[in-house]
Amino acid sequence: MDIVTKIKEWDRLRDDPSLRGKTIGFVPTMGAIHKGHLSLVRRCVEENDLTVVSIFVNPTQFNDPSDLESYPRNFEADRTILEKAGTDYIFLPKYGELYPNGYRYKVIETDFSKKLCGAYRPGHFDGVLTIVMKLLNIIRAHRAYFGEKDYQQYQLIKGMAKAFFLKTEIVPCPIVREADGLACSSRNMLLSPEERKTAPLFHKFLATDLPDDKIRKKLESAGFTVDYIETIGTRRYGAVRLGEVRLIDNINLENE
Ligand code: PAF
């Protein structure tokens with residue numbers, strides 16, 4: 001497994017004649033690799049000749065500086081796990097490499113990105129769409145893999161790829177859960193032992209057939225601060241906080 005930090009270096013590898021006819025799969029991450037990421041990487045390895053994983057904690061998608069600061073980072077552990085899973089390249093750029101003009105140019109979606117998480121984290125999806133557009137243009141993969149835990153993010157990225165005629169296929173991957181139902185997330189490692197015990201109730205209540213407002217009340221009684229519980233179409237979305245840690249999840253009501 002090789003680590004690439006510069007776009008020029010990746011361009012040389014990507015355009016090498018030995019890659020002609022080979023498929024490239026891409027998994028963008030912010031590091032702190034967990035079982036959810038691993039399911040994306042494994043699928044990517046299965047479906048493509050080469051797998052590229054990016055690690056970049058993207059500052060433009062954090063509306064809260066303390067959230068950016070406390071976001072877990074553990075490159076050495078990530079490197080070992082990714083290598084074992086069959087990753088060929090880690091793309092590990094610095095801020096200046098990806099934002100040569102600072103944050104002057106952005107990708108903005110004007111409708112769905114303002115709802116759900118977008119209503120509570122202003123500018124979050126502008127940052128996500130901007131960095132994903134940059135990464136997709138740099139890596140030039142055949143397929144890119146995104147977890148359904150961030151279902152709103154997945155829908156917006158899929159929409160952006162369609163709107164801008166991007167050549168990379170956007171592949172959704174099912175949520176991976178801990179044995180107690182908690183959706184795997186890099187943020188889970190920030191929970192205190194007490195909070196970790198309470199956290200699985202989020203998924204448990206979300207998956208009941210109660211209406212959204214009743215679920216909100218049950219979560220609040222259990223000690224969560226609720227940003228939103230909202231059903232749109234056949235999917236119920238939720239975002240909650242336990243102490244300083246924000247968790248999101250969603251349920252496809254057709255499967256429950
Ligand atoms: O889902 C994430 O980890 C991030 O939002 C992504 C897609 C890597 C963009 O920074």
Side-chain angles (χ1 to χ4, degrees), residues 4 7 10 25-41 43-44 51-65 67-75 77-78 81-82 85 87 89-95 97-99 103 105-109 112-113 116-118 120-139 141 143-161 164 166 168-176 183-190 237 239 245-250:
V4 177
I7 297 169
W10 172 249
F26 176 43
V27 183
T29 81
M30 298 204 294
I33 300 298
H34 53 69
K35 285 189 284 182
H37 293 120
L38 271 185
S39 74
L40 311 187
V41 174
R43 175 144 175 216
C44 185
T51 289
V52 183
V53 177
S54 64
I55 298 182
F56 179 68
V57 182
N58 173 39
T60 65
Q61 69 189 77
F62 287 82
N63 55 312
D64 171 358
D67 189 24
L68 172 61
E69 194 162 323
S70 64
Y71 198 83
R73 293 161 171 90
N74 193 347
F75 178 66
D78 290 350
I81 300 171
L82 290 173
T87 304
Y89 294 100
I90 295 182
F91 182 54
L92 186 71
K94 292 253 185 327
Y95 178 83
E97 188 74 4
L98 293 181
Y99 288 95
Y103 195 30
Y105 294 92
K106 316 180 178 184
V107 180
I108 298 177
E109 193 274 354
F112 191 44
S113 71
L116 302 173
C117 278
Y120 290 84
R121 302 183 70 190
H124 168 65
F125 287 117
D126 303 352
V128 169
L129 294 180
T130 301
I131 193 65
V132 171
M133 177 71 106
K134 286 172 188 268
L135 290 168
L136 292 179
N137 281 331
I138 293 166
I139 303 299
R143 304 184 184 94
Y145 296 79
F146 294 87
E148 290 187 345
K149 179 179 70 67
D150 301 275
Y151 201 80
Q152 186 181 12
Q153 167 177 283
Y154 155 68
Q155 285 171 299
L156 287 164
I157 290 168
K158 181 137 182 103
M160 173 182 81
F164 291 100
L166 301 185
T168 307
E169 181 192 347
I170 305 299
V171 183
C173 299
I175 300 177
V176 177
C184 293
S185 163
S186 305
R187 291 173 192 273
N188 292 354
M189 64 180 82
L190 302 174
Y237 301 81
V245 185
R246 188 169 190 274
L247 302 173
I248 61 171
D249 203 343
N250 68 87

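Each ligand, and each atom within it, is numbered from 1 in the order the structure gives.
Taking 4.0 Å as the cut-off between side-chain N and carboxylate O, Arg121 and Asp67 count as a salt-bridged pair.
Atom 3 (O) of ligand 1 has Met30 CG, 3.8 Å as its closest protein atom, hydrogens excluded (heavy atom only). Among all protein heavy atoms, the one lying closest to atom 4 (C) of ligand 1 is Gln61 NE2, 3.7 Å. Nearest protein neighbour of atom 7 (C) of ligand 1, counting heavy atoms only, is Gln153 NE2, 3.6 Å.
Formation of a donor-acceptor pair under 3.5 Å by the Ser54 side chain with backbone atoms of Phe91 is not found in this model. No donor-acceptor pair under 3.5 Å is formed between the side chain of Asp150 and the backbone N or O of Ile248.
Taking every heavy atom of Ile131 and a limit of under 4.0 angstrom, the matching atoms of ligand 1 come to 9 (C), 10 (O).
Residue contacts with ligand 1, taken as heavy atom pairs separated by less than 4.0 Å, do not involve Leu135 at all.
Ser186 and Ala32 make their closest contact through OG-O, 3.1 Å (heavy atoms, listed as atom of the first residue, atom of the second, distance). Of all the heavy atoms in Gln152 and Tyr237, the pair that sits closest is N-CE2, 4.3 Å.
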